[in-house]
Participant: 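Sending over a structure as structure tokens; questions will come in a sec.
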There are 2 protein chains.
Amino acid sequence: MQDLIKTMKALSDETRLRILNVLLERECCVCEVMQALDISQSRASRNLGILEDAGFLTAKRDGAWIVYSVDWQTANRYATPLAKLLRDSLDSSEVIAQDKERLKHAVRMGPTALGK
Amino acid sequence: MQDLIKTMKALSDETRLRILNVLLERECCVCEVMQALDISQSRASRNLGILEDAGFLTAKRDGAWIVYSVDWQTANRYATPLAKLLRDSLDSSEVIAQDKERLKHAVRMGPTALGK
DNA sequence: AGAATATATGCGGATATGCGAATATTCGCC
DNA sequence: GGCGAATATTCGCATATCCGCATATATTCT
């Protein structure tokens, strides 16, 4: 029961719904999420952690970055029925459209940002 | 989007999940919910109101009482996929079993409690 | 109308939540 | 090892949430 509450709380926040929406487009590292949503680093990291803890996301390290993606494996029982709901509710939102637009130009920053 | 957040917040509370569970058994007035969950009157009333505001419940007056029931009509898009999740998560909980047991003996109290 | 019951609501306090700013940690490269 | 970049975490504050208590409103019966 506490798990279900944790799950619902994870979805009770605008920032986290926006993050989930972006990650449904494609997997992202933290800095890409920051760019897409135009939010601070700590805010992105903290909310990604909450979604991960709730089981919606998995994190895998890729060099300097930590890449988050929707965990369809373990969160499928929640994500599947909810994904459609999210889509339906979110697509009509203006913020969401802006997030997706920014995501197109979001880039991974390093490493050392010298090779560019 | 704010509607979705309101919906998720409504489900992010143990008291409200317990209420929902009881109302999935059968419709109840406030005093029956108090008895089933063994909680205060204001607590029952307030949380029923929150669930109603989120669209999960409808309230109809029946004499002295106000009877709440799950609103499958308007909340169906949330309730249908979620009902199973709720069931799966809740049935394993001890509190939930107790609620259901108490519900069996819950009675409407009035009116005037003299006709009995 | 008046008494009693059922429900809703205002208020104050305790706790939880979300955020930015600053700091700590981890990794890759020289 | 040392530096810079990416991410995580701590801290303090503002706000939101939840509850009990008391009170207000609505309804029924006499």
Side-chain angles (χ1 to χ4, degrees), chain A residues 2 5-20 23 27-54 57-69 95 106-116, chain B residues 2 5-19 23 27-54 57-69 106-116:
Chain A
Q2 298 307 317
I5 294 176
K6 180 190 286 185
T7 303
M8 293 303 155
K9 281 192 179 177
L11 299 177
S12 299
D13 180 83
E14 176 165 332
T15 303
R16 289 192 287 274
L17 288 179
R18 289 170 64 194
I19 289 178
L20 212 47
L23 290 182
E27 61 176 29
C28 291
C29 62
V30 180
C31 60
E32 285 174 314
V33 171
M34 304 174 45
Q35 294 172 66
L37 305 206
D38 193 29
I39 59 179
S40 75
Q41 184 267 325
S42 71
R43 185 171 165 187
S45 173
R46 209 163 339 117
N47 284 298
L48 281 165
I50 292 173
L51 284 171
E52 181 188 14
D53 183 53
L57 306 181
T58 45
K60 66 166 187 274
R61 181 170 280 281
D62 177 17
W65 311 284
I66 297 190
V67 180
Y68 287 92
S69 50
V95 204
V107 291
R108 291 200 192 177
M109 287 157 167
T112 315
L114 293 179
K116 321 207 154 199
Chain B
Q2 297 308 316
I5 294 176
K6 180 190 287 185
T7 302
M8 294 303 156
K9 281 192 178 177
L11 299 177
S12 299
D13 180 84
E14 174 166 332
T15 303
R16 289 192 288 276
L17 289 180
R18 289 170 63 194
I19 290 178
L23 291 181
E27 61 177 29
C28 291
C29 62
V30 180
C31 60
E32 284 174 316
V33 170
M34 307 174 43
Q35 294 171 67
L37 304 206
D38 191 29
I39 58 178
S40 75
Q41 183 267 324
S42 69
R43 184 172 165 187
S45 173
R46 224 188 311 259
N47 284 298
L48 281 164
I50 291 174
L51 285 171
E52 181 189 13
D53 183 52
L57 306 181
T58 45
K60 64 168 187 275
R61 180 170 279 282
D62 177 16
W65 311 283
I66 296 190
V67 180
Y68 287 92
S69 50
V107 291
R108 292 201 191 177
M109 287 158 166
T112 314
L114 293 179
K116 323 204 152 204

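Convention: sequence-line order gives letters A, B, ...; per-chain numbering from 1.
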Participant: For A:Ser42, enumerate each residue passing the side chain to side chain donor-acceptor pair (under 3.5 Å) test, keeping only those at least two apart in sequence or located in another chain.
Facilitator: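 A:Ser42 satisfies side chain to side chain donor-acceptor pair (under 3.5 Å) with A:Arg46 once adjacent residues are dropped.
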
Participant: My understanding is that only residues two or more places apart in sequence, or in another chain, count here; which of them pass side-chain contact (heavy atoms from CB on, under 4.5 Å) with B:Glu14?
Facilitator: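 By the side-chain contact (heavy atoms from CB on, under 4.5 Å) rule, B:Glu14 matches A:Met1, A:Gln2, A:Ile5, B:Arg18, B:Val95.
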
Participant: When we call it a touch if two heavy atoms are under 4.0 Å apart, what does A:Gly49 touch: a base, just sugar-phosphate, or nothing?
Facilitator: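 Result for A:Gly49 = nothing.
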
Participant: Separation of B:Glu52 atom CD from C:dT7 atom P, in whole Å?
Facilitator: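 So the CD-P distance, B:Glu52 to C:dT7, works out to 13 Å.
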
Participant: Separation of B:Lys6 atom NZ from D:dA16 atom P, in whole Å?
Facilitator: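 Interatomic distance, NZ of B:Lys6 to P of D:dA16: 15 Å.
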
Participant: List in chain and number order the residues that pass side chain to side chain donor-acceptor pair (under 3.5 Å) with A:Glu27, two or more places apart in sequence or in another chain; answer none if no residue qualifies.
Facilitator: A:Lys60

Participant: What pairs with A:Ile66 under side-chain contact (heavy atoms from CB on, under 4.5 Å), at least two apart in sequence or on another chain?
Facilitator: A:Ala59, A:Arg61, A:Tyr68

Participant: Distance check needed: C:dT7 P versus B:Ile19 CD1, whole Å only.
Facilitator: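 So the CD1-P distance, B:Ile19 to C:dT7, works out to 13 Å.
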
Participant: Please identify each residue that fulfils side-chain contact (heavy atoms from CB on, under 4.5 Å) with B:Ala36, with sequence neighbours left out.
Facilitator: B:Val22, B:Leu103

Participant: List for me each residue that meets side-chain contact (heavy atoms from CB on, under 4.5 Å) alongside A:Asp62, sequence neighbours excluded, and say none if there are none.
Facilitator: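 A:Asp62 satisfies side-chain contact (heavy atoms from CB on, under 4.5 Å) with A:Trp65, A:Val67, A:Arg108 once adjacent residues are dropped.
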
Participant: Within the side chain of B:Asn47, is there an N or O that forms a donor-acceptor pair under 3.5 Å with the backbone of B:Arg43?
Facilitator: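 Yes; judged by distance alone, with no hydrogens or angles, the pair exists.
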
Participant: In terms of side-chain heavy atoms of A:Ile66, which of C:dC27, D:dA8, D:dT28 is nearest?
Facilitator: D:dA8

Participant: Tell me: CD of B:Gln35 to C1' of C:dT5, nearest whole Å?
Facilitator: 13 Å

Participant: With sequence neighbours left out, write down each residue that passes side chain to side chain donor-acceptor pair (under 3.5 Å) with A:Ser12, or none if nothing qualifies.
Facilitator: B:Ser12

Participant: Grab the CG-C1' distance between A:Leu57 and D:dT7 for me, whole Å please.
Facilitator: 15 Å

Participant: Once you build an axis from the first five pairs and another from the last five of the helix from C:dA1-D:dT30 to C:dC30-D:dG1, how far apart in angle are they, to 10 degrees?
Facilitator: 30°

Participant: Any idea which heavy atoms bring A:Val30 and A:Ala44 closest together, and the distance?
Facilitator: CG1-CB, 4.1 Å

Participant: Write down the distance between CE (A:Met34) and P (D:dA8), rounded to a whole number of angstrom.
Facilitator: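 After rounding, the gap between these two atoms is 12 Å.
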
Participant: For nucleotides 13-19 of chain C, which of its nitrogen or oxygen atoms have a protein nitrogen or oxygen under 3.5 Å away, and what is each distance?
Facilitator:
residue	atom	partner	partner atom	Å
C:dT17	OP1	A:Lys9	NZ	2.9
C:dG18	OP1	A:Arg16	NH2	2.8
C:dC19	OP1	A:Thr15	OG1	3.0
C:dC19	OP1	A:Arg43	NE	3.1
C:dC19	OP1	A:Arg43	NH2	3.3
C:dC19	OP2	A:Asn47	ND2	3.1

Participant: Write down the distance between CD1 (A:Ile39) and P (C:dA21), rounded to a whole number of angstrom.
Facilitator: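 Atom CD1 in A:Ile39 sits about 14 Å away from atom P in C:dA21.
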
Participant: For a quick test of reading the model: is some side-chain N or O of A:Tyr68 closer than 4.0 Å to OP1 or OP2 of D:dA6?
Facilitator: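 Answer is no, no contact under 4.0 Å.
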
Participant: Just how far, in rounded Å, is C1' of D:dA16 from CD1 of B:Ile5?
Facilitator: 14 Å

Participant: Tell whether A:Gln41 reaches the base of D:dA6 with its side chain through a donor-acceptor pair below 3.5 angstrom.
Facilitator: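 Checked by distance alone, the answer is no.
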
